[in-house]
Amino acid sequence: MASIESMAANFRRLDQFARADTAMHRLDARAKVMATLAFIVVVASFDRYTVAALLPFFIFPIVLAALGKLPTAYVARNVAVAIPFALAIGLFNPLFDQQVLFKLGSIPISAGWISCLSIVVRAVLTLSAALILIGVTGFPAVCEALERLGMPKVLAMQMQFLYRYLFVLIEDTRRSARALELRSCGRSPRLPTVASLIGFLLLRTWQRADRIHMAMLARAYRGDFHSRKVGNFGSGEVAFVAGWLVLFGLLRVYDASQLLGALVGRALP
Amino acid sequence: MSHHLVELKRLGHVYPDGTAALSEVSLRITHGECVAVIGANGAGKSTLLLHLNGCLVASSGEVRVGDFPLTRATLPQIRRTVGMVFQDPDDQLFMPTVLDDVAFGPLNLGLPPAEAEERSRDALALVGAWHLRDKPPYLLSGGEKKRVAIATVLAMSPDILVLDEPTSGLDPFARRQLMALLKDFRHTRIIASHDLDLVMDLCERTVVLHDGRVAADGETRELFRDDALLAQCRLEKPFSMQGCPVCGVVRRIA
């Protein structure tokens, strides 16, 4: 139950960060969404044995988080949660791909280890970028931007509702879980009990969805979501997107890590 | 003025599982009236209210709002006329921020964004919640949620307000605030409530439902004096009509 509560608190914090007011927050959501999508595509486009060339890309999440005043510890903690999942995907690579690429001292490093590491680095890059995007924009604004960039309306609406009612569902779950715990007298609940609790949560959610739909119909809803906001995609937004696109292009073509290494190598005798 | 009229003619409703929630309910509520619908749990109050703007469809009988019978064709017009405030404000507040939520209705009516925002501002100011405009709904207190939910409906400038349990779950101060607000409205108001003191304060007329039928319909004070009726419908006198518990105890001791 503590984990449900901390999850809710964690979520609320992200929402709070999104309501701050920095230059990064004021930027039109579409610009940030476009830059982040480009970032994810470029990071994903690298060869599977790439590690070093990916590292310079950390500049994007770092700059965004710094300008948006997101606490590093918060981002790091939430991205760290996802690392085991990325590891699970790359876990078998060292077993299947045992060709030795190079030796670190006397330890042979196989291609599998490198591709596994590459997966983890990419996961950290893309996840932190997505998390920071939401942290400096707010989930509803991201949905709206995606919709205005061409995502189907229905999908955008579903995402909005998911976000809004996640908080209500978490509250609901927390209450049910607490009631269960109080009457379990310290014993861990049996599987059928938990199953029926989850079943009732589902049914209650269903009923609520019905009531929300009624409330929407009662307010003249006819299938279209209208937005109050008028977008403001000015020169600042164009410069933001163009600047990042150029940087991503350069980093994709030139391996900045290698160049830096060569420079340092030349400087040191 | 006739569009402020609500009329039910021998309304009946049977739920899909066979429960007859309403039968032979006939009512006529005229312009500017404030009418309470009271009754025990399961007497059919909420079911009745849901018929008033077509959320539920009558199994038998007829609902008329203004000059129109409630049909599929007149539904949009009727939903504009009848503003419904639901019992659980969490069902009613589904947009990311309070202002977005209040503007939802006016935008659906096809108003340009600037005007929708103006109307939303007026509605929020009226319920004293303008300062909450940028907050997400989950950060509001119970009383704030209720007031915002009422604003979402007011922003559509309805002629008739239907409220389901407006004061449930509110602290005494928030309840007083809300009652003062409702008292000032000039709309036709239909309020379902277990808060019988609220009914005494706000509504001149009361309809008592019992097992899906109208058990009584008349002047509020008259009805609350009828002990036999109240007992039969599992109701009690409002506290304001009962003796003072403190004075009573003191007198007995003396």
Side-chain angles (χ1 to χ4, degrees), chain A residues 8-9 11-16 18-21 25 29 134 137-145 156-172 174 204-231, chain B residues 46 49-50 52-56 75-97 99-120 133-139 145 149 152-156 158 162 164:
Chain A
F11 231 72
R12 269 168 209 197
R13 266 193 89 192
L14 187 61
D15 215 48
Q16 263 166 20
R19 267 178 284 126
D21 188 29
H25 285 83
I134 295 173
T137 315
F139 193 82
V142 171
C143 290
E144 212 181 289
M157 211 163 81
Q158 297 237 349
M159 283 166 68
Q160 294 260 25
F161 276 114
L162 178 75
Y163 190 66
R164 163 69 181 95
Y165 284 99
L166 199 58
F167 293 108
V168 179
L169 183 66
I170 289 174
E171 269 304 302
D172 236 12
R174 201 175 55 110
R204 282 219 296 272
T205 310
W206 204 308
Q207 284 176 339
R208 187 185 287 281
D210 251 355
R211 291 199 304 268
I212 295 164
H213 187 227
M214 278 202 265
M216 290 171 71
L217 289 178
R219 287 204 273 149
Y221 173 74
R222 268 179 238 130
D224 274 328
F225 251 53
H226 305 271
S227 174
R228 213 162 36 79
K229 295 179 197 93
V230 188
Chain B
S46 296
L49 295 196
L50 288 175
L52 298 179
N53 71 347
C55 283
L56 287 179
L75 205 54
Q77 169 62 24
I78 285 179
R79 286 194 170 144
R80 222 201 64 54
T81 314
V82 182
M84 177 88 106
V85 181
F86 289 79
Q87 186 173 353
D88 183 351
D90 263 326
D91 295 339
Q92 198 150 6
L93 306 176
F94 41 76
M95 297 293 279
T97 68
L99 189 55
D100 280 326
D101 212 297
V102 180
F104 178 84
L107 287 172
N108 280 336
L109 292 179
L111 294 180
E115 201 177 326
E117 197 163 328
E118 200 182 301
R119 277 220 206 174
S120 311
R133 61 192 175 276
D134 291 325
K135 280 204 173 187
Y138 66 84
L139 287 183
K145 274 187 198 172
T152 65
V153 171
L154 289 180
M156 298 178 68
V162 177
D164 196 357

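Residue numbering restarts at 1 for every chain, and letters A, B, ... go by the order of the sequence lines.
Only the side chain of B:P136 comes within contact range of chain A, with at least one heavy atom under 4.5 Å from a heavy atom of that chain. Looking at A:F139, there are no atoms closer than 4.5 Å to chain B (heavy atoms on both sides), in backbone or side chain. Both the backbone and the side chain of B:D90 come within contact range of chain A, each with at least one heavy atom under 4.5 Å from a heavy atom of that chain. For B:L75, no part lies under 4.5 angstrom from a heavy atom of chain A. Residue B:F94 touches chain A through both its backbone and its side chain, counting heavy-atom pairs closer than 4.5 Å. Looking at A:F161, only its side chain comes within 4.5 Å of chain B, counting heavy atoms on both sides. Heavy atoms of B:I78 lying under 4.5 Å from chain A are absent altogether.
Taking 4.5 Å as the limit, every side-chain heavy atom of A:E144 sits out of range of all side-chain heavy atoms of B:P96. In this structure the side chain of B:D134 never reaches within 4.5 angstrom of the side chain of A:R19, judged on heavy atoms.
Taken from CG in B:L107 to OH in A:Y221, the straight-line distance is 13.5 Å, to the nearest 0.5 Å. Annotation: the span from B:L56 atom CG to A:M214 atom CE amounts to 6.0 Å, rounded to 0.5 Å.
Note on A:R211, A:R164, A:Q160, A:R219: by heavy-atom pairs under 4.5 Å with chain B, the leading option is A:R219. Comparing B:P76, B:A114, B:P137 by how many heavy-atom pairs each has under 4.5 Å with chain A, the most go to B:P137.
Using the six-membered ring where Trp is involved, A:F167 and B:Y138 have ring planes that are parallel, under 30° apart on the 30 and 60° scheme.
In this structure, A:A218 and B:F86 approach most closely via the heavy-atom pair CB-CE1, 4.3 Å.
Sorted by first then second residue, the salt bridge (charged side-chain N to carboxylate O under 4.0 Å, His left out) pairs that include residues 80-89 of chain B, not counting sequence neighbours, are A:R208-B:D88.
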